[in-house]
4 protein chains.
Amino acid sequence: MTPSGDTATNPPGTDGELSQRRRTKAPETRAAALMEAAQRLFIDKGIAATSIDDIAAGAQVAKGTFYLYFPSKEALLGALQQRFVDIFCERLQEAMDRQRPGNYHARLKAWVETGLEIYLDNVALHDVVFHEYRPEDRRMRNDNAVIAQLAGLLKQGDGAGFWDVEDATLTAVILFNALHGVADDAVATGQTGASERKRRARALTRFFEQALHPAEDEDDSAD
Amino acid sequence: MTPSGDTATNPPGTDGELSQRRRTKAPETRAAALMEAAQRLFIDKGIAATSIDDIAAGAQVAKGTFYLYFPSKEALLGALQQRFVDIFCERLQEAMDRQRPGNYHARLKAWVETGLEIYLDNVALHDVVFHEYRPEDRRMRNDNAVIAQLAGLLKQGDGAGFWDVEDATLTAVILFNALHGVADDAVATGQTGASERKRRARALTRFFEQALHPAEDEDDSAD
Amino acid sequence: MTPSGDTATNPPGTDGELSQRRRTKAPETRAAALMEAAQRLFIDKGIAATSIDDIAAGAQVAKGTFYLYFPSKEALLGALQQRFVDIFCERLQEAMDRQRPGNYHARLKAWVETGLEIYLDNVALHDVVFHEYRPEDRRMRNDNAVIAQLAGLLKQGDGAGFWDVEDATLTAVILFNALHGVADDAVATGQTGASERKRRARALTRFFEQALHPAEDEDDSAD
Amino acid sequence: MTPSGDTATNPPGTDGELSQRRRTKAPETRAAALMEAAQRLFIDKGIAATSIDDIAAGAQVAKGTFYLYFPSKEALLGALQQRFVDIFCERLQEAMDRQRPGNYHARLKAWVETGLEIYLDNVALHDVVFHEYRPEDRRMRNDNAVIAQLAGLLKQGDGAGFWDVEDATLTAVILFNALHGVADDAVATGQTGASERKRRARALTRFFEQALHPAEDEDDSAD
DNA sequence: AATGAATGAGTATTCATTCAT
DNA sequence: TATGAATGAATACTCATTCAT
């Protein structure tokens, strides 16, 4: 998650020793270090309680340097959001692609399981990045990529006659929020163990499948 | 959504004349006035931008008086949340009770339609009260009443053999979040008109019904 | 210069001992204490180098209290300016009034001498209050009272046929600025001793008198 | 007021082609470019609001380059001041030299008229360069040249028996400040039109002349 | 019960200046 | 000479909360 590689900028070997104090580094390195430090601190202490000072110190740069890479605390939070969503999408896509293209059942199951997994593995990060501080963005603006991705799957399944989906986007919204809510509930009730995750994933998948192809028989054997 | 009945608190005739100028009032009156003022200001200017001074001024009391009724700004927000949920539940219940007890289809439909309706009619209030400022509470702690209410309906329908519901609470969580998400999406995309609401309510109801009793035929005629 | 007298607010005798910590004081007392502290610090360290913290500490109040009495640092500076001008005018008036009403020569001489005196006795304060920080006000806006006062004298002398003054205000502007410049020059060259002041006062008076009634003989003997 | 002659600094042909793209330039060229940029920005945005970055960008050099030519922002301001005074003196001298050497009346009149003219034509620049930011310099340190120049004229007139001037420098101080004040007042009251300038110049000249040779008749006909 | 003067903790941001390259 | 990434000091202002009256 952390890009490194200021190797191109400085002669190899030099950096490790000399760059400690006042040395130009590759912009990506700095920005990434700042983001890492911020993310860690945000999770640990909360956004409001984390000062720019803290972040700069965490990334071992001067305070002013922060503003060389991010115009504001809010902007950095935005970058963190973007990164979260990107990774979320990526991993969902990978999980789905591990299944046969035509196997919509398996793909949806993979989506549910992986989504739940990632979410529960990163609740702290997710909460920090999405629910604190910027209520306006809450309306899924940044989750659109995930919605769009899921809508794509639903459309394909509908086109293939596997599901009966009238409004793919609206259905994706429903599925996404259901998943989100079930995960939240797991966290709220403390039921985040492996077996509980499985139970919730199964319940979601079953619920979705039934809603999506009422005419067909559904079976959930052979996990 | 607006608390009524301040007058009922005090003996008639007393309040109108004497309380005008610096006089002890019934606690409920003061508390309600403060809540009203706060709610209005929170919606108008946002929570963070609303000071205790503003609230006190809005309720026409001195700043110190605020702390006689609420231990903190946060506590007042909590009271506002509670009130929101209570009213939400109440209205959902009324809507469901307007249908025949055994008519689970109609009751669920009423739940969906009314829920969507209330939510969309009160987004500003909802957002202020739930999504700003206190992310920790987000995990539905205050929505439990709504979830429980819906779970009750689902259990009844399941008991009556009308639906097939394995885990009523989890299912309620799914439904509630789906509704929430669809409403949010409506706001986000600006599709909050009457026909749009209907379309979304129908989609939700259909989706839910199918998921709940896959074996049965479902029909959605006669809206 | 410092109004005291919170006696009306608190029972006499009580204040001296108890009011040390957290006690409501008469607003004038607080404001005056703040102004005194600020004036002293401004002169000592300069305006920019004086923080609100410093001022509050100097007046032995909390930082927030400062803002109870002045909306900003700049506003306090304005109050200081006003006070300076008021006192300046007052003392000039007193000095002039010490001479016979009809004795215009003596009155102008008194104006020059006193003006030079006050100015040189308060250069530090004058500089702080007028020349640092707020260039916009430089254009004499606040000195208008002094100008007006002098113009009054000139008009009277003109009316009495003692002087020949075409444009009293413009002439007052000339006289005021000449005085100002001569005082500045005294400071700049370090010639601020009593005899030097006298010499400069005499030069100014002579210059002014000659310019004001060219036809008359002038004599400046017997100071 | 605008420095000319950048081209004269470098051998012809060299500059035009090579200096376009990152090339060492004659120091005067760079310094002048920086001063020009600074002056423009100072007038437009104010000194405090103008950063070294802005100045460097305005002169199309890197930030660090600024410090190759000026040790600090303040030093550059000093250079600007010096230039202002130099030009001021130059133009006053030219104006006086346009009159016959022995015509002291005309020479003083020229000094007043031109001084008022230049001042009013460059208030913005004058204000920026003299009244903002560096109160210490206010005491005429930089105006000494103007004072000295005027004192020279006064001495000559006195020597020629045309005027009666006791202390030429002090008198020059008086005249200079009177002029300054009248100009400021013109700006403050918005009376900067041509006819107003004339009126003020006339009032000043008359006032001065009378003060300088009380015995003589003065006439101000034929402007 | 009601008041409101007093408190004081808490921080994002700018920008002149440096210096390794 | 020229660059521009890095530095870090420095500070006004808000507002939730208290408590003497």
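This one's a predicted model, so the numbers in the text were calculated from it and none came from an experiment.
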Next on the checklist: For a 4.5 angstrom cut-off between non-hydrogen side-chain atoms, does B/Ile52 reach B/Tyr67?
Outcome noted: yes
Next on the checklist: Any non-hydrogen side-chain atom of D/Arg83 less than 4.5 Å from a side-chain atom of D/Val129?
Outcome noted: no
Locate the shortest heavy-atom distance separating [X] from [Y]; write the atom from each residue and the value.
X: B/Val128; Y: B/Ile47; value: O-CD1, 3.2 Å
X: A/Leu76; Y: A/Leu34; value: CD1-O, 4.2 Å
X: B/Ala59; Y: B/Ala37; value: N-CB, 3.8 Å

Checklist entry - A/Thr50 or B/Thr65: which one's nearest nucleotide on DNA chain E is closer to the 5' end? => result B/Thr65
Checklist entry - On DNA chain E, nearest-nucleotide positions of B/Gly64 versus D/Tyr67: which is more 5'? => result B/Gly64
In whole Å, what is the span from the [atom1] atom of [X] to the [atom2] atom of [N]?
X: D/Glu74; N: E/dT17; atom1: CD; atom2: C1'; answer: 14 Å
X: A/Ile52; N: F/dT7; atom1: CD1; atom2: C1'; answer: 16 Å
X: A/Leu77; N: E/dA12; atom1: CG; atom2: C1'; answer: 15 Å
X: C/Lys73; N: F/dC13; atom1: NZ; atom2: C1'; answer: 12 Å
X: B/Leu76; N: F/dT17; atom1: CG; atom2: P; answer: 11 Å
X: B/Leu34; N: E/dA2; atom1: CG; atom2: C1'; answer: 12 Å
X: C/Leu41; N: F/dT11; atom1: CG; atom2: P; answer: 13 Å

Checklist entry - Which part of the nucleic acid does D/Ser51 contact within heavy-atom distance under 4.0 Å: base, sugar-phosphate only, or nothing? => result sugar-phosphate
Checklist entry - Which is true for C/Tyr69 with a 4.0 Å heavy-atom rule: it touches a base, it touches only sugar-phosphate, or it touches nothing? => result sugar-phosphate
Checklist entry - Does A/Ala75 have any side chain to side chain contact (heavy atoms under 4.5 Å, CB included) partners at least two apart in sequence or in another chain, and if so, which? => result A/Pro71, A/Ser72
Checklist entry - A/Ala79: what forms a side chain to side chain contact (heavy atoms under 4.5 Å, CB included) with it, not counting sequence neighbours? => result A/Met35, A/Phe70
Checklist entry - Start at the 5' end of DNA chain F and walk down; is the nucleotide closest to B/Asp53 or to D/Phe66 reached first? => result D/Phe66
Next on the checklist: Applying a 3.5 angstrom cut-off to the pairing atoms, does DNA chain E sit in any stems of at least three consecutive Watson-Crick or G-U pairs? List them by first number.
Outcome noted: E:2-21 with F:2-21
Checklist entry - Of the residues in residues 54-63 of chain B, which ones touch DNA chain F at a heavy-atom distance under 4.0 Å? => result B/Lys63
Item to check | Closest listed nucleotide, where the reference is the side chain of B/Arg30 and the choices are E/dA6, F/dA16, E/dA2 | outcome: E/dA2
Checklist entry - Given F/dA16, E/dT18, F/dT7, which nucleotide is nearest the side-chain atoms of A/Leu68? => result F/dT7
Next on the checklist: If the condition is ring pair (Phe, Tyr, Trp, His ring centres under 6.0 Å), which residues does C/Tyr69 pass it with, not counting sequence neighbours?
Outcome noted: none
Checklist outcome for this item: Residue pairs meeting salt bridge (charged side-chain N to carboxylate O under 4.0 Å, His left out), one or both in residues 45-67 of chain C, sequence neighbours left out, come to C/Lys45-C/Asp54, C/Asp53-C/Lys63
